[in-house]
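Because the structure is a prediction, the values reported are computed rather than measured. Every chain is numbered from 1, with letters handed out A, B, ... down the list of sequences.
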2 protein chains.
Amino acid sequence: MVVDQLSDAELDRLFQAFADTTRRDIMRRVAVGEYSVTGLAALYAMSFAAVQKHVAVLERASLVTKEKRGREQIVRGNHDGLEKVRRLLDEYEVIWRQRVARIADILAEE
Amino acid sequence: MVVDQLSDAELDRLFQAFADTTRRDIMRRVAVGEYSVTGLAALYAMSFAAVQKHVAVLERASLVTKEKRGREQIVRGNHDGLEKVRRLLDEYEVIWRQRVARIADILAEE
DNA sequence: CTGATCTACAACCATTTGGTTGTAGGATAT
DNA sequence: ATATCCTACAACCAAATGGTTGTAGATCAG
């Protein structure tokens with residue numbers, strides 16, 4: 001099993017990428033289908049450049065990939081990025097449960 | 001079952017709160033034990049005010065709660081906030097798996 | 001070749017963020 | 001009563017964020 005150590009900077013970028021409504025919506029879209037950057041831009045009430053920037057943020061966070069197809073750039077969801085975030089939150093969950101279990105033990109002892 | 005609709009603003013706050021190394025570290029600490037704000041501040045190479053602000057960000061995101069005890073303010077992890085984020089990411093996961101399944105079906109038809 | 005389309009990126013702007021120091025109020029200890 | 005401790009918050013600053021318009025390079029269609 002690969003340990004896949006996540007740097008703080010990488011996690012910062014991952015969570016930061018999710019911390020915007022438009023980007024979360026893009027994530028949902030590209031998880032289901034394929035979109036060019038222009039195709040995505042058509043969905044939102046903001047400029048093409050703004051959407052292109054959002055896609056760039058997602059790309060830097062490894063949450064999407066882009067593939068050139070003719071003059072278009074096809075944006076696809078990257079499952080790895082999502083998995084990394086989920087895994088981290090699962091760790092927090094484990095820590096939490098351990099604590100709850102510990103407290104339960106303490107209460108049982110009384 | 002409570003649906004517990006999450007507003008975009010609430011999700012923005014939750015992910016934003018996680019998008020900082022210091023705040024993630026605070027989350028790990030308060031998941032395990034109890035800390036006053038001063039107790040937390042002692043752990044980091046920054047001013048008390050900076051840490052107090054980080055705690056305030058986590059509190060606004062419903063990721064921690066504070067309880068006054070004498071002149072101290074005890075910071076505790078709030079499991080609900082963590083669960084909300086995990087649940088959202090699980091939704092993305094479900095969407096993703098549906099897509100993978102759909103592609104597998106298409107490939108199977110050929 | 002020419003014009004239209006798709007993308008990337010620079011420059012700019014307002015707001016937010018993450019840090020600082022300083023001030024002030026409530027709780028505790030002596 | 002007084003000094004100390006813990007906290008909150010204001011004011012400030014530099015950098016990042018989320019948006020804009022404009023420019024320019026590829027690629028495609030006629």
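Checking D:dG19, C:dA8, D:dT7 against every side-chain atom of A:Met46, the shortest atom distance belongs to D:dG19. With distances taken from any side-chain atom of A:Asp20 to the nucleotides D:dT7, C:dA8, D:dG18, the minimum falls on D:dG18. Closest to the B:Ser47 side chain, of the nucleotides C:dT21, D:dG18, C:dT7, is C:dT21. Residue A:Lys53 has its side chain nearest to D:dG19 when only D:dA29, D:dG19, D:dT7 are considered. Relative to the side chain of B:Gln73, the nucleotides D:dA8, D:dT20, C:dA8 differ in distance, and D:dA8 lies closest. Distance from the side chain of B:His54 is smallest for C:dG19 among the nucleotides C:dG19, C:dC6, C:dG26. With distances taken from any side-chain atom of B:Ala49 to the nucleotides C:dT20, C:dA8, D:dA26, the minimum falls on C:dT20.
Both A:Ala50 and A:Gly70 sit near DNA chain D, but only A:Ala50 has its closest nucleotide nearer the 5' end. Comparing A:Gly39 and A:Gln16 against DNA chain C, the residue whose closest nucleotide sits nearer the 5' end is A:Gly39.
When the options B:Glu72, B:Glu59, B:Arg76 are evaluated for a side-chain contact (heavy atoms from CB on, under 4.5 Å) with B:Lys66, the one that passes is B:Glu59.
In this structure, the CZ atom of A:Phe48 is 18 Å from the P atom of D:dG18, given to the nearest Å. Nucleotide D:dT17 holds its C1' atom 16 Å from the CZ atom of A:Arg13, rounded to whole Å. Taking atom CD on B:Glu72 and atom C1' on D:dT4, their separation rounds to 14 Å, with Å as the unit. The CZ-C1' distance, from B:Phe15 to D:dT17, rounds to 18 Å in whole Å. Distance CZ (B:Arg69) to C1' (D:dC5): 16 Å, rounded to an integer number of Å. Residue A:Phe18 contributes atom CZ, which lies 17 Å from atom P of D:dT17 at whole-angstrom precision. One interatomic measurement links the two molecules: CG of A:Leu40 to C1' of C:dC6, which rounds to 13 Å at whole-angstrom precision. Taking atom CZ of residue B:Arg71 and atom P of nucleotide C:dA24, one finds them 21 Å apart after rounding to whole Å.
With salt bridges taken as basic N to acidic carboxylate O contacts below 4.0 Å, none links B:Arg13 and B:Glu10. A salt bridge links A:Arg29 with A:Asp25; the closest basic N to acidic carboxylate O contact falls under 4.0 Å. The pair A:Arg87-A:Glu91 does not count as a salt bridge, with every side-chain nitrogen at least 4.0 angstrom from each carboxylate oxygen.
Residue A:Gln52 places no side-chain N or O under 4.0 Å from the OP1 or OP2 atom of C:dT7. Considering only side-chain N and O atoms, A:Lys68 lies nowhere under 4.0 angstrom from the phosphate OP1 or OP2 of D:dA26.
Using a 4.0 Å heavy-atom criterion, one finds that A:Arg23 contacts the sugar-phosphate atoms exclusively. Looking at heavy-atom distances under 4.0 Å, B:Thr22 makes no contact with the nucleic acid at all. Contacts of B:Ala56 with the nucleic acid, taken as non-hydrogen atoms under 4.0 Å apart, are absent.
Looking at residues two or more places apart in sequence or on another chain, you find no side-chain contact (heavy atoms from CB on, under 4.5 Å) involving B:Ala45.
Ring geometry for B:Phe15 versus A:Phe15: interplanar angle of 30 to 60°, hence tilted.
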